[in-house]
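A short worksheet on the structure shown next.
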Amino acid sequence: MSTTKQRAGIFAVLGAALCFGTTGTTQQLGVPDISPVAVASARLICGSLFLFFFGYFQRHSRGQVRMPARDLIICGVGIGMYQLTFFSAVHSTGIAIATVTALGAAPTLSAIVAYLLMGEKPQKNWYLGTSITILGIVLVGTTNGVASFNGKGVALAVLAGFGFAVFNVVCRRSLARGAQDMWLTATTFGVAALVSSPFLFTQNPEWILTSKGFLTVLWLGLITTSIGYVLFMYGLKRIESSLAATVVLAEPATATILAAVVIGEKLTLQSYLGIAIVASGILYLSRKSSN
């Protein structure tokens with residue numbers, strides 16, 4: 001692989017991570033009083049439209065390989081669950097804890113989903129990597145003391161990680177069979193938008209027509225979803241998955257910095273230690289799985 005191609009892949013994944021990392025702050029800064037599931041639904045609808053737009057230009061390369069309808073529904077439900085529970089987790093427990101917990105839980109849960117759906121047994125190293133990640137999540141979640149631990153918020157973030165794990169494992173299976181990545185992502189998010197659409201009406205959707213509401217949904221749909229996933233897919237084609245897993249750790253770093261600087265979330269030394277431990281666990285898991 002040429003150095004130029006690898007460098008382009010690294011910058012693409014880094015760009016994707018920076019886009020992803022602004023999600024929680026955008027929600028809390030733009031529409032903090034709007035139902036988080038309504039915001040998630042609006043994001044999915046907006047994001048899927050842009051993804052179909054980008055996917056249209058790759059329609060000639062789709063080939064004959066398509067994701068089976070059952071897998072498409074499973075993926076759509078998975079990514080829909082991820083969006084709905086992640087925004088709820090941010091609303092409940094804060095940006096830093098929600099982002100680190102969801103991102104930290106995803107690799108562990110992906111291995112479990114892969115075993116249940118595809119019979120792939122986790123390697124022995126998976127248990128150590130998972131233990132490291134869980135320790136980091138506990139440290140982040142109890143940063144202000146055990147009494148401040150928000151069980152509901154952390155559980156929602158774990159559910160978000162599970163939803164992403166389902167999306168990741170089932171999509172990977174179709175990609176291995178030759179499905180076109182951009183079109184697969186667009187159709188999956190399209191199903192997720194349909195599944196989540198009833199949640200848009202948990203609150204009067206007139207908030208979308210306000211300047212803050214419109215700009216928030218536009219940013220979440222175009223930047224954090226469409227452009228983020230386009231960049232991520234572009235990068236994955238050019239660098240190894242283990243390297244991508246390293247670079248994408250810029251997401252929790254971005255989310256944590258924005259939460260502290262823009263939103264004013266208080267972070268302690270334990271918070272940063274927990275984040276570092278979660279990152280170490282993810283790196284360990286990704287490198288061992290690529291060997």
Side-chain angles (χ1 to χ4, degrees), residues 13 16-17 19-24 27 36-37 39-41 43-44 47-48 51 67 71-90 93 95 97-118 120 122 126 129-130 133-134 136-137 153-175 181 184-193 195-196 220 224-226 228-233 235-236 241 244-245 247-252 254-255 278-279 281-282 285-286 289:
V13 174
C19 289
F20 297 152
T22 65
T23 301
Q27 176 200 3
V37 292
V39 177
S41 178
R43 178 199 191 189
L44 281 169
S48 63
L51 282 169
M67 177 182 283
D71 285 359
L72 181 60
I73 293 172
I74 292 173
C75 277
V77 171
I79 204 68
M81 177 192 296
Y82 165 63
Q83 301 290 334
L84 294 169
T85 53
F86 177 74
F87 278 106
S88 298
V90 168
T93 194
I95 298 167
I97 294 175
T99 303
V100 171
T101 301
L103 186 67
T108 295
L109 294 171
S110 291
I112 295 173
V113 172
Y115 174 71
L116 293 175
L117 295 183
M118 303 167 64
E120 295 180 1
W126 175 82
T130 296
T133 303
I134 291 174
I137 291 173
V154 171
L156 286 168
V158 171
L159 277 176
F162 175 73
F164 186 80
V166 171
F167 164 76
N168 177 45
V169 171
V170 180
C171 276
R172 189 180 64 196
R173 182 166 60 185
S174 288
L175 288 172
D181 56 358
L184 183 150
T185 304
T187 53
T188 298
F189 271 78
V191 171
V195 170
S196 69
L220 290 173
T224 70
T225 302
S226 305
Y229 275 94
V230 169
L231 288 172
F232 190 66
M233 291 295 188
L236 281 181
S241 58
V247 178
V248 84
L249 289 174
E251 177 185 351
T254 301
V278 169
I282 294 173
L285 286 169
S286 65
S289 64

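Residues take their numbers from the sequence shown, with the count starting at 1.
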TODO: Work out which heavy atom in Val278 is nearest to a heavy atom in Ile137; give both atom names and the distance.
DONE: CG2-N, 3.5 Å
- [ ] Output, in order, the C-alpha distance, side-chain angles, deciding distance and verdict of side chain to side chain contact (heavy atoms under 4.5 Å, CB included) for Met67 and Cys75.
- [x] CA-CA 10 Å; Met67 177 182 283; Cys75 277; 3.8 Å; yes
Task: Counterpart residues, side chain to side chain contact (heavy atoms under 4.5 Å, CB included), relative to Ala255 (two or more places apart) - done: Ile95, Thr99
TODO: Fit a plane to each ring of Tyr229 and Phe232, take the angle between them on a 0 to 90° scale, and name the class: parallel (under 30°), tilted (30 to 60°) or perpendicular (over 60°).
DONE: perpendicular
Open item on the list: Determine whether a donor-acceptor pair (N or O, by modelled atom type, separation under 3.5 Å) exists between the side chain of Ser41 and the backbone of Ser196.
Closed with: yes
Task: Nearest non-hydrogen partners of Ala192 and Gly76, listed with the distance - done: CB-O, 3.3 Å
TODO: Applying side-chain hydrogen bond (donor to acceptor under 3.5 Å, both in side chains), name anything that partners Ser48, two or more places apart in sequence or on another chain.
DONE: none
Task: Nearest atoms (heavy-atom pairs only) where Leu220 meets Thr23 - done: CD2-O, 3.8 Å
Open item on the list: Measuring only between side-chain heavy atoms, which start at C-beta, is Pro36 closer than 4.5 Å to Val90?
Closed with: no
Task: Side chain to side chain, Val166 and Tyr82, heavy atoms closer than 4.5 Å - done: no
Open item on the list: Return the CE to CG distance between Met233 and Leu51, rounded to the nearest 0.5 Å.
Closed with: 9.0 Å
Open item on the list: Please report the interatomic distance OG1(Thr101) to CD1(Ile134), rounded to the nearest 0.5 Å.
Closed with: 11.5 Å
TODO: Only counting residues at least two apart or in another chain, list the ones meeting side-chain hydrogen bond (donor to acceptor under 3.5 Å, both in side chains) with Thr22.
DONE: Trp219
Task: side-chain hydrogen bond (donor to acceptor under 3.5 Å, both in side chains) partners for Ser226, two or more places apart - done: none
Task: Those residues that, when tested against Thr224, pass side-chain hydrogen bond (donor to acceptor under 3.5 Å, both in side chains) (two or more places apart) - done: Arg43
- [ ] Go through the steps for Thr254 and Phe20 under the test side chain to side chain contact (heavy atoms under 4.5 Å, CB included), then give the verdict.
- [x] CA-CA 9 Å; Thr254 301; Phe20 297 152; over 6 Å; no
Task: Contact check, side chains of Leu231 and Val13, non-hydrogen atoms, under 4.5 Å - done: no
Open item on the list: Please find the pair of heavy atoms, one from Thr93 and one from Ala98, that lie closest to each other, and give the distance.
Closed with: CG2-N, 4.0 Å
Open item on the list: Any non-hydrogen side-chain atom of Leu44 less than 4.5 Å from a side-chain atom of Phe189?
Closed with: yes
Check residues 103-112 and write down every donor-acceptor pair under 3.5 Å in which the side-chain atom is one partner and the other belongs to a residue at least two apart or another chain.
residue, atom, partner, partner atom, Å
Thr108, OG1, Thr130, OG1, 3.3
Ser110, OG, Ala106, O, 2.8
Ser110, OG, Asn168, ND2, 3.4

Task: Heavy-atom closest pair, residues Ala102 and Phe86 - done: CB-CD1, 4.2 Å
